[in-house]
Amino acid sequence: MDGRLQIFSGNANRPLAQAIANGMNINLGRAIVGTFRNGETRVKIEENVRGSDVFVVQPTCTPVNQHLMELLLLIDALRRASAARVTAVVPYYGYAKQEKKTTGREPISAKLVANLIRTAGADRVLTMDLHAPAIEGFFDIPVDHLQAGPLLADHLRLARLHDPVVVSPDAGGVGRANSFRERVGAGLAIIAKQRPRPDVVEMIEMVGEVAGKTAVIVDDMISTGGTLAEAARALRMRGAIAVYACATHGIFAGDALDALEHSDLLETLVTDTIPLPDGHQRGRISKISVAPLFAEAIVRIHKDLSLSALFS
Ligand code: R5P
């Protein structure tokens with residue numbers, strides 16, 4: 001589209017926003033994103049955006065409400081400053097696990113967040129590995145949905161693991177694990193898990209042969225680390241010789257680093273959609289960057305080019 005391409009960032013993941021801007025040889029837009037003394041979020045755009053094609057990079061990671069509010073106020077400020085188009089770049093979409101009611105009298109929080117982003121004035125959304133792909137349909141504006149799977153799979157393929165088997169830690173992740181194993185050239189195993197209470201995981205059953213193999217658990221996000229720790233334990237009990245894990249979004253809530261440190265996982269690979277917590281080394285966590293992929297997607301959106309090539 002016509003108009004200058006500009007990138008702004010909130011405080012959720014400035015290193016990622018900076019890396020995206022660097023990859024495009026442009027500077028991050030200047031803006032104040034802070035807090036007033038009364039606790040309200042303060043935003044001020046400090047450069048002209050009139051007629052520009054603006055991208056706001058802000059994963060809604062912890063503290064999710066603060067980062068969501070920064071995103072909404074940035075979009076509102078850009079709209080009111082006459083940006084021609086505003087794209088919300090949300091590499092990690094918080095509240096995505098609340099995409100449906102699981103019992104009576106609950107909100108559908110992921111839908112409310114979509115309404116808020118749209119109401120603030122976003123024209124488009126660019127995101128990655130939504131926990132529930134149906135969230136795309138919560139928006140009545142275009143949503144470009146990138147996947148980290150190919151990046152993670154290529155990284156693992158290069159590691160040349162001995163006789164790998166890709167493992168989905170729950171039924172919902174089978175499609176993701178299957179695409180992954182096709183790319184890596186490996187077998188597939190599936191674990192059935194249940195959550196007797198929020199944030200508590202129990203493994204029920206496993207399908208697939210893992211004895212004597214190197215297991216690679218593939219998931220979309222790591223929150224408490226309970227799913228991965230339980231899956232790794234089950235895999236080792238069934239004879240896997242080594243267990244690795246990879247996931248797009250490393251949330252690492254609560255005692256997740258402890259859970260990983262004391263687990264059977266040799267290494268866990270995540271992307272930088274969310275900044276890694278301090279001390280992540282003890283959890284044997286490594287990361288790869290999605291910045292080049294986002295930079296490419298932003299350039300293509302700006303130039304009205306197809307993004308299909310980026311989805312495979
Ligand atoms: C669940 O459906 C997700 O794909 C992840 O497996 C889950 O969110 C991981 O959470 P935690 O690390 O708390 O077990």
Side-chain angles (χ1 to χ4, degrees), residues 3-22 26-98 107-128 135 138-139 141 221 223 249-254 256 272-280 291 294 298:
R4 197 156 57 109
L5 192 166
Q6 288 176 280
I7 298 186
F8 287 84
S9 174
N11 292 314
N13 195 346
R14 288 191 76 84
L16 175 64
Q18 188 65 62
I20 293 172
N22 289 349
I26 63 174
N27 293 322
L28 269 186
R30 283 180 291 111
I32 296 171
V33 186
T35 311
F36 288 109
R37 281 197 188 175
N38 64 2
E40 293 174 2
T41 301
R42 176 188 178 209
V43 163
K44 183 173 186 317
I45 308 297
E46 297 228 284
E47 58 185 83
N48 180 25
V49 294
R50 198 169 284 270
S52 291
D53 187 18
V54 181
F55 294 79
V56 183
V57 179
Q58 179 84 333
T60 46
C61 50
T62 311
V64 54
N65 294 345
Q66 179 192 323
H67 291 148
L68 176 61
M69 199 64 196
E70 288 180 5
L71 173 66
L72 299 174
L73 295 182
L74 277 163
I75 295 169
D76 184 77
L78 290 160
R79 269 267 87 91
R80 291 173 193 279
S82 302
R85 182 170 74 174
V86 180
T87 300
V89 182
V90 189
Y92 164 72
Y93 189 97
Y95 284 108
K97 283 167 102 171
Q98 297 184 53
I108 301 183
S109 312
K111 168 63 178 158
L112 176 62
V113 169
N115 289 349
L116 291 170
I117 291 173
R118 178 67 185 118
T119 302
D123 298 292
R124 314 180 55 95
V125 174
L126 173 61
T127 188
M128 176 169 261
I135 292 171
F138 292 178
F139 290 92
I141 51 176
M221 63 173 77
S223 184
H249 310 295
I251 300 166
F252 302 118
D272 57 354
T273 57
I274 299 173
L276 286 183
D278 292 340
H280 64 270
F294 272 93
I298 288 171

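- Looking at every heavy atom in both residues, Ile274 comes nearest to Gly250 through CG2-O, 3.6 Å.
- Between Val57 and Asn13 there is no side-chain heavy-atom pair separated by less than 4.5 Å.
- Every salt bridge (Lys or Arg N to Asp or Glu O under 4.0 Å) that Arg124 has, sequence neighbours left out, goes to Asp144.
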Working for side chain to side chain contact (heavy atoms under 4.5 Å, CB included), residues Ile45 and Leu74 = CA-CA 8 Å; Ile45 308 297; Leu74 277 163; 3.9 Å; yes
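- Between atom CE of residue Met128 and atom NE2 of residue His249 there is a gap of 7.5 Å, rounded to the nearest 0.5 Å.
- Exactly one residue among Val33, Leu78, Leu28, Val43 makes a side chain to side chain contact (heavy atoms under 4.5 Å, CB included) with Phe8. That residue is Leu78.
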Evaluation steps, side chain to side chain contact (heavy atoms under 4.5 Å, CB included), between Leu126 and Val90 = CA-CA 6 Å; Leu126 173 61; Val90 189; over 6 Å; no
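- Here ring pair (Phe, Tyr, Trp, His ring centres under 6.0 Å) pairs that include residues 32-91, with residues two or more places apart or in two chains, number zero.
- Between Leu16 and Pro91, the closest heavy-atom pair is CD2-CG, 3.8 Å.
- Taking CG of Leu73 as the start and NZ of Lys44 as the end, the distance is 14.5 Å to the nearest 0.5 Å.
- Nearest heavy atoms, Ile117 versus Ala88: CG2-CB, 4.1 Å.
- Counting all heavy atoms, side chain and backbone alike, Asn48 lies closest to Arg4 at O-NH2, 3.0 Å.
- Distance alone, capped at 3.5 Å, is enough to place a donor-acceptor pair between the Tyr93 side chain and the Ala114 backbone.
- Distance alone, capped at 3.5 Å, is enough to place a donor-acceptor pair between the Gln58 side chain and the Ala12 backbone.
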Can you check side chain to side chain contact (heavy atoms under 4.5 Å, CB included) on Val113 and Thr60, steps first, answer last?
-> CA-CA 10 Å; Val113 169; Thr60 46; 5.8 Å; no
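- With a 6.0 Å radius and a threshold of 12 heavy atoms from other residues, nucleotides or ligands, Asn27 has its CG atom at or below the threshold.
- Between Asn65 and Tyr95, the closest side-chain pair of non-hydrogen atoms falls below 4.5 Å.
- When side chains are defined from C-beta on, Leu276 counts as touching Phe252, because their heavy atoms get closer than 4.5 Å.
- Legend: residues meeting side-chain hydrogen bond (donor to acceptor under 3.5 Å, both in side chains) with Thr41, ordered by chain and number and at least two apart, are absent.
- Distance OG/Ser9 to CG/Leu71: 10.5 Å, rounded to 0.5 Å.
- Under the salt bridge (Lys or Arg N to Asp or Glu O under 4.0 Å) criterion, Asp123 pairs with Arg79, sequence neighbours left out.
- Considering every non-hydrogen atom in both Leu72 and Ala120, the closest pair reads O-CB, 3.7 Å.
- Between Ile26 atom CD1 and Leu5 atom CG the span is 5.0 Å, to the nearest 0.5 Å.
- When the side-chain hydrogen bond (donor to acceptor under 3.5 Å, both in side chains) test is applied to Arg80, the partners found at least two apart in sequence or on another chain are Asp76.
- Judged purely by atom type and a 3.5 angstrom limit, Glu70 uses its side chain to pair as donor or acceptor with the backbone of Asn11.
- Applying the salt bridge (Lys or Arg N to Asp or Glu O under 4.0 Å) test to Arg30 and every residue at least two apart in sequence or in another chain returns Glu47.
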For Leu112 and Ile108, what are the C-alpha separation, side-chain angles and deciding distance, and is it a side chain to side chain contact (heavy atoms under 4.5 Å, CB included)?
-> CA-CA 7 Å; Leu112 176 62; Ile108 301 183; over 6 Å; no
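- When all heavy atoms of Ser223 and Ala256 are compared, the closest pair comes out as O-CB, 3.3 Å.
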